[in-house]
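What you see is a predicted model; the values in this text were computed from it and never measured.
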Amino acid sequence: MSPIAIELTRSLAGPAEAEGDESAARTVGAVGRGVYADRLEAGDVPDGVDARFLTARGFEGKPGETCVLPGSDGVLVVALGLGPAADATAATFRRAAAALSRAAARQSHLAIDVLDDLPEQVARPVIAQAVAEGVVLGAYRYTALKSDPEPSHIESLAVVGTGGAKVTAALERGRSVAEAVCLCRDLVNQPGGSLTPTAFATRAEEIGSLRGFDVEVLDRAAIEAEKLGGLLGVNRGSEEEPRFVKLSWEPERPRGTVALVGKGITFDSGGLSLKTNEGMIGMKGDMAGAAAVLAAFSALDAVRPPVRVMGYLPLTDNMPGGDATRVGDVLRIRNGKTVEVLNTDAEGRLVLADALSLASEDGPDAIVDLATLTGACVVALGSSVAGLMGNDDEFRDQVRAAADAAAEPVWPLPLPAEMRKQLDSDTADLKNVASARWGGALIAGLFLQEFVEDGIPWAHLDIAGPAVATEEDAETRTGGTGFGVRTLLGLLSDFRKPKRAARP
């Protein structure tokens, strides 16, 4: 997907807000104008919008709703539903801009006129960022493998309004954040047969070189030297080499360090605990956590959070080869703990165990991991909400606040200490699954907690549901969603060091 130029202009007739801004001089093919549902009822609509025309066509001004009206001089006018003015949030405007991208996808140059008529509860720079994100996300298509692709034709967006440097900066930030989300979507949508661990690691090196962060790739020999037994154990059944990727980015005067850990199973067959064919569909996306972390890193130089950021990506596929890890085998994780493997399809927690151990050794102020970890979380919360667990309430609340601000819904789940005994093993320090059927998402969280050093605040996001969409909406097409990227970038931007408290 080619980058979309996004610029601020005082009006479609110019002059442009910023020096050198040529957006107003371009031939705009469609302009989006915001319509509030409660104002539509009273006929209070923007210039160029016919309230009677909208009403006759059943347009109600609901969030994400669009209606194309007759325009003048060949310019389409797209009414963008914003819902009641008092309920409008950044998510409302992100959705509206995405809907404009869809409604006018055949046009090259778009404009949107919403910034100068905002309700008092929303800030102009926040809405500007949301608009920029929305137009890029709405234009996204994964066409890399299509023989006759139909990509979006959108090349530019002129955002009508005033606001000066702060709004201009917000537009640029929004574009960078959305491009990171699209990168995550591309990675998740790529088949596991081509996005192997080696290919993923190479892609990370390329992105690091372009976007100004450091990348270290550990090959099999280095992984063995680092004693990453979980990663090696999962990889045993594969013809593909494992990789472990370390990422790092640092501002001039960091106010702390945050570690990001992402599950990177590039394809999950289940290993010897083989999935059904139906169960394997979509398993190319079992690396969505690693993709979200890498994508977040790609935007750090643009977003400039005030913290040092470290990334840990364990990469392998999970295959049932001739020497695959057997049920009953015992693996030794990086921190020395041994794990009896009673289900090879519970492999994500094994590679995350190594990554969390390494992250802990580096002594960050907080750790957050993202993983498409359990079907049990999808059963509990559905396909659009991630499960949030952690050992520190203050840090968990920071993660939730960042997710709420990003409109990426999460819901807190407990880590009941009394359930920990279900992981006890007669053979090893613990086993990778519980014997009981219930509470699988919580059991997985309790397992991961064993590999986080005491005193380090940690949060776990189980993104098994929202990482991949099976239905489309204004911002998201079927396939990878890029869930978690906006949350991570928001968390890093507003990070506050939690009080270190030992795990109960």
I'd like to know if the side chain of [X] and the backbone of [Y] have a donor-acceptor N/O pair within less than 3.5 Å.
X	Y	value
R141	E150	yes
E65	G61	yes
S493	L489	yes
T374	C377	yes
T476	D473	no
K284	N189	yes
D362	P364	no
D365	T257	yes
R33	V77	no
T481	P466	yes

Could you tell me whether Q121 atom CD has more than 12 heavy atoms of other residues or ligands within 6.0 Å of it?
yes
Is the CZ atom of R304 crowded by more than 12 outside heavy atoms at less than 6.0 Å?
yes
pair [X]-[Y]: side-chain heavy atoms closer than 4.5 Å:
X	Y	answer
L294	V245	no
I4	R175	no
D392	W458	no
I112	L80	yes
L358	K246	yes
L195	F267	no
L461	D369	no
R95	F93	no

At their closest point, which heavy atom of [X] faces which heavy atom of [Y], and how far apart are they?
X	Y	answer
A371	L352	CB-CD1, 3.6 Å
S269	N318	OG-O, 2.6 Å
Q107	G29	OE1-CA, 3.4 Å
A104	L110	CB-CD2, 3.7 Å
A474	A99	CB-N, 4.1 Å
D117	R39	OD2-NH1, 3.0 Å

Output for pair (Y140 OH, S101 OG), nearest 0.5 Å, gives 14.5 Å
How far does CZ of R185 sit from CD of E179, to the nearest 0.5 angstrom?
12.5 Å
Test side chain to side chain donor-acceptor pair (under 3.5 Å) applied to R94 and Q129, E475, E133, the passing residue
E133
Give me the one residue out of T196, T316, D317, T266 that meets side chain to side chain donor-acceptor pair (under 3.5 Å) with S238.
D317
Would you say Q398 and E394 are linked by a side-chain donor-acceptor pair, where the criterion is simply a distance under 3.5 Å?
no
With H460 as reference, evaluate L356, I367, L373, L370 under the side chain to side chain contact (heavy atoms under 4.5 Å, CB included) test and give the passing residue.
L373
When L157, L115, L8 are each screened for side chain to side chain contact (heavy atoms under 4.5 Å, CB included) with L171, the one that passes is L8
Any carboxylate oxygen within less than 4.0 angstrom of a Lys/Arg side-chain nitrogen, looking at R211 and D301?
no
